Amino acid sequence: MDADLRRRLRQADLLTALRILQAVDVARHRRDDFTATIQPVQEGSRMSNWLLDAEERFAGVRAMADELIRRLGELGPGETLEFNAADLDAQYEAELGGLDALEALYAVQFLGLANVARGESEVGGVFYLRRGEQRRYGKAAYRPLEVHYGERARRLHVIRHILSHEKEEDRIDLFRWYFTISLEQFCKRFLPNPEAATSPQIPEFRERILGGLSETQLKVVTDDESRAILVLAGPGSGKTRTIVHRVANLVALRDVNPERVLVLAYNRTAVAEVRERLAALIGASGIHVDVLTFHGLARKLTGLTEKNAPAGMQGDDRFNWLIQQAVDHLRDNPAPYQYVLVDEYQDIKGAEYDLVTLLASFDREGAPTGEEEDDREQPGYLVAVGDDDQNLYAFMGAKIEFIQRFRDDYDITDEKVVALLPNYRSRPRIVQAANAFIEASLPARARLKGPDQRVYSVRDGEGQVYIGKYQQRYHAALGIAQRAAQLIAQGTPAEEIAILARNWDHLNEVQHALHEAGVAYQMYNVHDQLRPANSYVGGAVRDVLTEEPELAVENARETLERIRQQLSLSDQDRGWQAILSATADLHNTIQGALALRINSAKPLARRGVVLSTFHSAKGSEFDHVFILSEGMREHGRTPPEDETRALYVALTRARESVTLLRREGDCHPTLLQPGYQHALKDIGVEVMSLPTGTPLPSEIRYQLFPDPSDLYISAPDVLFPAGREAVLRYARNWDSLQLRNLQLRSPHGAVGRLSRNGRIMLKLKHALERGQVTATGATVLRCERDDEWYTRAGYTGLETHHYVVLPQFEVIALLEG
DNA sequence: TATAAGATTCTTTTT
DNA sequence: GAATCTTATA
């Protein structure tokens, strides 16, 4: 441990001591960056009571932890225990004297017995517990907790000893010693009974946060002087890990108020991941850290939602408006956060960029003009983590310039740009192939990483890179299906195999081939709108549950089925099946928890080989990755930067092997460059031969998932009473769904029709003409009011929403090139 | 019916 | 920004 770190840790100790003094009403302290003022409060403080409390508290935590451990023991591996905090408090209040549930959660987390994650619901904070690694809960398991509480208690003993001296000079002298020598030394030297001081403090905790990090990661995690740090992180270099550990360091080791810390992530999945990992690292104390999406932050700051946008705005404009409201809000109000961490900084857009700038209090135009010194805004500390090579959303305004401008914006030296280069994900050959690809595709000026800043693999072995070429996409699909089946037969989980393409419809042939080979697959696009909670049956059942959130539920499935039958809704809805499987493990809970589980249920069971676009694969990783490169003109001399970065993202998703297949005639131009091909040869890639001799079928079969914009419901169909009744009748009596003349018909009448403007029309054109589109399932989906849509349909009702029957199609289509 | 010009689509997140 | 589909015009 270097001297600097040691000095900082003493500061943390000081702050702990000050907090204790304040907590027991002995002294008050005011704190700014450099000084702390201590004021005595009064004689006869509650110090001794507090010590007694501390002992009781430990006994209480132990009792409650016992109970949690008992319930955890009943869980199977991977199962989750779910409850709300108020419920837990109420349950244990009587026996444990008002013990704070958070403390007990912290305890089981701290002991490594469980992973605690936090969620929000209508019924308040809800916690999810999952069994930790540790299986046996012997006496030894409690030792770290005892050490922790023992350390806190020792500090109290020391302070009480100091305060017991009558003369002020003595007290000052002892305080000086307290801050000069270690706690252990102090106890030995001054305490009448130093036995209590034999235990160390809590090295396990510090080790968990700071140990196991690379030197560079540690630098970012522990730097609390730099106002702005840009972390240029390569793929698989531990971006999120660095962010999570920095937050943990701030909150758990540096005593920063968690409410002053903000983590911005790019979507809900990323938010959930940061929250989970933070909870796993520091437990309950991480709960007060804000981990939000940009829109979540905008909602929190302004109290508005995109629905407050002026009438006439729709879709994207509403969301942009919301971000802009937050920017305006921050111009007039001080930033509520002091430590801001931004993930995936390369993909932030203009308004989001402004938001970050204001949050970090770096806005030069609107420099604070506080009349009083005390009102001066505290300085912000910004850490932005991103990789310009992985910029995927330039077409939406996420320009690479924002990350390039970082240095100028924040007036920082080059040293403050930290490069995280080791790749912990991919085997060496994969990293080398990806490096060679991006270096051959982009000129040095288009990249922030210099020639001496190459990503390198720290994994052992070599890994495999295969290349291949095809004329017919069908042949590539056949080859991939064969290899996937082979890998699965050899024991690779299907979910660890991904097939990635530029566009969704490039994967149609792959769907067909996988189906023929009997390999299960999943489409990786999760339309938020398709959430089971958004289905008519799911929403209706959830609403019944939340009417009495505290009501006990013995068997989740029975309760759900009972409510569904009372509402006389069909069980054939796609969403309903998903809800049943998402709640299958819930027993002996309350209705509120069940409702929450419905809210977070995923559309489909995530099983089988993953089919995804390059874009949707952002942030994911797989053992084996197959890539289709097509859809570009070859004779373009300089490859388009967007497409290069997208393909680079695809290449770097792979851990063990990557197979890069190019279509002759329109693959990414770099793949044809002699220089690049030589580089691949040096790396040791193998050529994958595809079954190009196989005769082509005349038709292929694949699944197609429309979204609500593909459906056009004309006035009599849905918006007016007859149509609404037809849809709701369908939700009760579920029969086959047929598509005739673009009209979606149930035996009870028309329930919708395909939109002529929807994107699906184009894709289905030929299949529709030949009548080879069949509905294989459907969900009755809630659609929020969309004024543009209503106007087009000639409707002016006041409802906030309506329902549509959203089918899932199987298409038999002519084979494309 | 060729060809140019113009329009649209592709990649997608946010509740 | 490129590919692809639609429309206008000789």
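Everything quoted here is computed from the prediction, not taken from an experiment. To find a chain, count down the sequence lines: A is the first, B the second, and so on, and within it residues start at 1.
Residue A/D642 is out of contact with every strand shown, counting any heavy-atom pair closer than 4.0 Å. Residue A/T305 is classed as having no contact, given no heavy-atom separation below 4.0 Å to the nucleic acid. The residue A/Y393 sits close only to the backbone: its heavy atoms come under 4.0 Å of sugar-phosphate atoms, none of a base. A/R299 comes within 4.0 angstrom of sugar-phosphate atoms only, judged by non-hydrogen atoms across all strands, and of no base. A/G631 comes within 4.0 angstrom of sugar-phosphate atoms only, judged by non-hydrogen atoms across all strands, and of no base.
In this structure, A/F294 does not count as stacked on the base of B/dT14 under the 5.5 Å centre distance and 30° plane angle limits.
A salt bridge does not link A/D343 with A/K239: none of the charged nitrogens is closer than 4.0 Å to a carboxylate oxygen. Ionic pairing of A/E630 and A/R663 is present here: one or more N-O contacts between side-chain nitrogen and carboxylate oxygen are shorter than 4.0 angstrom.
Take A/Y521 and apply the ring-ring contact (aromatic ring centres under 6.0 Å, His included) test, not counting sequence neighbours, and it matches no residue. Partners of A/R447 by side-chain hydrogen bond (donor to acceptor under 3.5 Å, both in side chains), not counting sequence neighbours, listed by chain and number: A/D389.
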Dot-bracket pairing map - DNA chain B, Watson-Crick plus G-U, both contacts under 3.5 Å, | cross-strand: ||||||||||.....
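Taking the ring centre of A/F294 as origin, the terminal cationic atom of A/K349 falls outside the region bounded by 6.0 Å and 45° from the ring axis.
Among B/dT13, B/dT14, B/dT11, the nucleotide with an atom closest to any side-chain atom of A/F319 is B/dT14. Distance from the side chain of A/K349 is smallest for B/dT13 among the nucleotides B/dT13, B/dT11, B/dT14. Comparing B/dT11, C/dA3, B/dT15 by their nearest atom to the side chain of A/R502 picks out B/dT11. Listed nucleotides B/dT11, B/dT15, B/dT13 differ in distance to A/W504; the shortest reach to its side chain belongs to B/dT11. Listed nucleotides C/dA2, B/dT15, B/dT13 differ in distance to A/R268; the shortest reach to its side chain belongs to B/dT15.
One interatomic measurement links the two molecules: OH of A/Y524 to P of B/dT13, which rounds to 12 Å at whole-angstrom precision. Between A/D505 atom CG and C/dT4 atom C1' the separation is 11 Å, expressed in whole Å. Between the P atom of B/dT15 and the CG atom of A/N534 lies a distance of 13 Å, rounded to the nearest Å. One can place CG of A/L355 at 16 Å from P of B/dT14, the figure rounded to the nearest angstrom. In this structure, NE2 of A/H295 is placed 12 Å from P of B/dT13, rounded to the nearest angstrom. Atoms CG (A/L392) and C1' (B/dC10) sit 14 Å apart, rounded to a whole Å. Following rounding to the nearest Å, A/L304 (CG) and B/dT15 (C1') show an atom-to-atom distance of 14 Å. Separating the CG atom of A/D347 from the C1' atom of B/dT14 is a distance of 14 Å, rounded to the nearest angstrom.
Side-chain rings of A/Y345 and A/F406 approach one another, their centers coming within less than 6.0 Å.
A close approach under 4.0 Å does not occur between any side-chain nitrogen or oxygen of A/T293 and OP1 or OP2 of B/dT13. For B/dT12, one of the phosphate oxygens OP1 or OP2 lies less than 4.0 angstrom from a side-chain nitrogen or oxygen of A/T613.
Counting only N and O atoms by type, the side chains of A/Q346 and A/Q390 include no donor and acceptor under 3.5 Å apart.
Residues A/V649 and A/F614 come closest through the heavy atom pair CG1-O, 4.2 Å.
Distance noted for atom P between C/dT4 and B/dT11: 13 Å (whole Å).
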